[in-house]
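Here the structure is laid out as structure tokens; the discussion comes afterwards.
In what follows, chains are A, B, ... by sequence order, proteins preceding strands, each numbered from 1. None of the values given here were measured: they were computed from a predicted structure.
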Amino acid sequence: MLPLELIRKDPERVKRAAQLKGEPAPIDEILQLDEKWRGHLHRAETIKAEQNRLSKEFAQTRDPQLKDRLREMADRAKADLAEAEAVKRQLDDLLLRVPNLFHESVPVGESEADNVVFREWGSRVELGFEARTHFDLGEALGIMDFERAGKVAGSRFAFLIGEGARLERALAQFMLDVHTREHGYIEVLAPVLVNSASMTGTANLPKFGDDAFKVEGQDLWLIPTSEVPLTNLHRDEILDADQLPLKYTAYTPCFRSEAGAAGKDTRGFIRLHQFSKVEMVKVTSAEQSMEEFERLTADAEDILQRLGLHYQVMVMCTGDMGFAQYKKYDLNAWCPGLGRYLEVSSCSVFNDFQAMRANMRYRPARGAPPRFVHTINGSGLALTRTIDAILETYQRRDGTVAVPEVLRPYMGGLEVIGER
RNA sequence: GGGGAGGUGGCUGAGUGGUCGAAAGCACCCGCCUGCUAAGCGGGUAGGGGGUGUAAAGCUCCCUCGCAAGUUCAAAUCUUGUCCUCCCCGCCA
């Protein structure tokens with residue numbers, strides 16, 4: 001969330017940013033409630049101060065008249081305080097609904113169409129024959145099964161079978177190895193069920209609860225991304241400056257209800273209720289964050305390059321970047337069978353927006369007051385869609401698929417999927 | 001699931017109604033002392049919020065001893081609920 005202080009001082013700036021993001025922001029209500037809150041608080045505190053003073057006097061004198069007066073003061077202070085707290089709760093709830101500002105380098109725009117190609121690597125593969133889709137290939141090879149997944153779980157689920165399952169495991173291992181051994185991340189195995197406080201910390205709540213699955217009757221949510229447990233790892237902590245930047249990576253399943261995506265990407269291994277992802281999360285100081293954000297994006301790109309997959313780095317425009325993000329890149333990999341780019345990674349920097357929600361701070365120097373950290377995350381990469389890009393890019397005329405060089409050691413030396 | 005113990009500052013840990021935001025120790029910081037280091041001596045060091053201040057500083061008040069509610073003029077301390085941790089028994093991958 002944004003500091004209340006900023007909203008008090010420069011409400012117009014916050015309104016403008018929200019407008020360019022296409023997000024509603026209840027700034028005027030916040031300012032009203034803020035004034036109301038401070039009024040009640042001030043009154044309660046004035047009474048309380050007097051009460052504390054007289055209470056000490058009473059301890060000495062035991063004057064029964066004073067006791068009556070104190071009782072009456074306590075009631076008044078309690079009433080004002082209760083009122084102040086009620087208003088503050090409303091205020092806090094509204095604060096959680098104010099979108100983040102954005103970095104000056106973010107292009108202004110309204111929709112996906114206004115995103116900008118920032119960088120490109122490789123080029124569209126020349127197959128020399130008509131490209132098939134990953135689901136066409138996958139089903140023919142017997143490594144993907146959507147129909148039986150529909151029976152067992154429902155629509156938007158999939159089985160990976162045999163060499164398909166092995167391919168995902170190989171990819172996960174490969175990505176984790178590169179990130180831990182070469183990019184300096186610490187591997188984490190995280191809970192995939194988290195509580196509401198964690199969901200609020202990363203800004204998945206209160207606004208986006210409909211996108212996630214909740215466990216009935218319990219304060220537990222299936223994670224939509226391991227960003228949630230990783231970012232919340234240090235919730236309510238004060239870190240030392242020399243611990244920063246903290247860099248974590250985790251391989252987890254992710255669960256999304258895909259509410260509002262009805263009819264979109266219903267075919268194929270693209271938009272599922274459950275998919276796997278290797279995630280990267282960084283916790284940094286304010287000074288480091290933009291640089292670490294670029295590096296994290298490069299770490300994700302490194303995986304795509306080693307896999308030999310053509311991709312574009314898109315800078316998301318204000319209208320498409322999301323509620324919480326300060327700046328966001330999407331990495332889109334080319335899928336010749338689909339004839340379009342698929343988003344295989346999304347890398348974001350949040351400034352202190354998540355840190356304020358999650359109360360994550362660090363001490364810049366010994367004895368110095370704590371400051372909020374900055375948080376960054378990105379997929380490195382989403383496994384399902386990376387599999388799509390691999391199948392479609394490395395397919396051969398006979399419907400088999402070559403295994404990218406770097407994955408072969410992870411697949412027991414297998415060079416071609418589907419060859420018999 | 002049943003029984004028991006406990007949650008206090010960066011850490012260890014004392015504190016069972018006011019003199020406690022909190023002893024003591026550790027760690028850390030500043031100073032003194034000493035060829036250097038160690039030891040010793042003195043001082044300092046929780047977080048949040050309101051008001052004041054151009055701001056930094058400062059001043060001042062309020063809140064916080066897992067969380068929530070209650071009793072009381074007054075709660076770390078008493079009551080209830082809740083969450084979490086640990087131990088024993090049962091069950092279980």
If each of A:Arg8 and A:Phe58 is mapped to the nucleotide of RNA chain B with the nearest heavy atom, which maps nearer the 5' terminus, i.e. the 5' end?
A:Arg8
Salt-bridge criterion met for A:Arg69 and A:Glu72 (N-O under 4.0 Å)
no
Between A:Arg371 and A:Glu287, is the closest basic N to carboxylate O distance under 4.0 Å?
yes
Any Lys/Arg nitrogen of A:Arg295 or A:Glu292 sitting under 4.0 Å from an Asp/Glu carboxylate oxygen of the other?
yes
Is there a side-chain contact between A:Tyr410 and A:Asp177 in this structure, where contact means two heavy atoms from C-beta onward sitting under 4.5 Å apart?
yes
N-O pairing of A:Lys15 and A:Glu12 below 4.0 Å:
yes
What residues form a salt bridge (Lys or Arg N to Asp or Glu O under 4.0 Å) with A:Glu187, not counting sequence neighbours?
none
Nucleotide nearest A:Arg361 when distance is taken to its side chain, options B:rG47, B:rG18, B:rG49
B:rG47
Against the side chain of A:Ala49, the closest entry in B:rG18, B:rC61, B:rG47 is B:rC61
Quick check on contacts: within residues 70-84 of chain A, what sits under 4.0 Å from RNA chain B by heavy-atom distance?
A:Leu70, A:Arg71, A:Ala74
Check this for me, if you would: do A:Asp93 and A:Arg89 make a salt bridge, where the nitrogen-to-carboxylate-oxygen distance has to be below 4.0 angstrom?
no
Check the pair A:Asp330, A:Ser346 against side-chain hydrogen bond (donor to acceptor under 3.5 Å, both in side chains), reporting the backbone distance first and the verdict last.
CA-CA 4 Å; A:Asp330 273 3; A:Ser346 186; 2.9 Å; yes
To the side chain of A:Arg38, which of B:rG18, B:rG49, B:rG51 is closest?
B:rG51
I'd like to know if A:Arg119 pairs up with A:Glu301 as an ion pair, taking the criterion as any Lys NZ or Arg NE/NH1/NH2 lying under 4.0 Å from an Asp or Glu carboxylate oxygen.
yes
Is the centre of the A:His234 ring less than 6.0 Å from the centre of the A:Tyr248 ring?
yes
Using side chain to side chain donor-acceptor pair (under 3.5 Å) as the criterion, list what pairs up with A:Gln325, not counting sequence neighbours.
none
Rounded C1' spacing from B:rA27 to B:rU79 in Å:
38 Å
Strictly below 4.0 Å, N to O, side chains only: are A:Arg396 and A:Glu419 in salt-bridge contact?
yes
Using a cut-off of 4.0 Å on non-hydrogen atoms, how would the nucleic acid contact of A:Arg43 be classed: base, sugar-phosphate, or nothing?
nothing
Among A:Pro229, A:Pro191, A:Ser226, find the residue that satisfies the side chain to side chain contact (heavy atoms under 4.5 Å, CB included) test when tested with A:Thr252.
A:Ser226
With the side chain of A:Arg363 defined as its heavy atoms from C-beta on, choose the nearest nucleotide among B:rG50, B:rG47, B:rC63.
B:rG47
Dot-bracket pairing map - RNA chain B, Watson-Crick plus G-U, both contacts under 3.5 Å, | cross-strand:
((((((((.[[[..)..(.....]]]((((((.......))))))(((((((.....))))))).[[[[[..)....]]]]])))))))....
Go through the N and O atoms of the side chain of A:Arg371 and the base of B:rG47, and report whether any donor-acceptor pair is under 3.5 Å.
no
Do the side chains of A:Leu4 and A:Ile30 get nearer than 4.5 Å, heavy atoms only?
yes
Between B:rU80 and B:rA24 - P atom distance, rounded Å:
33 Å
What nucleotide, of B:rG50, B:rG47, B:rG18, holds the atom closest to the side chain of A:Ile238?
B:rG47
Under-3.5 Å N/O pairs linking protein and nucleotides 53-59 of chain B:
none

Indicate, with a heavy-atom threshold strictly under 4.0 Å, whether A:Asn52 touches base, sugar-phosphate, or nothing.
sugar-phosphate
A:Lys67 side chain, from C-beta outward: closest of B:rG48, B:rC73, B:rG50
B:rC73
Might you list the N or O atoms of the protein lying below 3.5 Å from N or O atoms in nucleotides 75-84 of chain B, with each pair's distance?
none

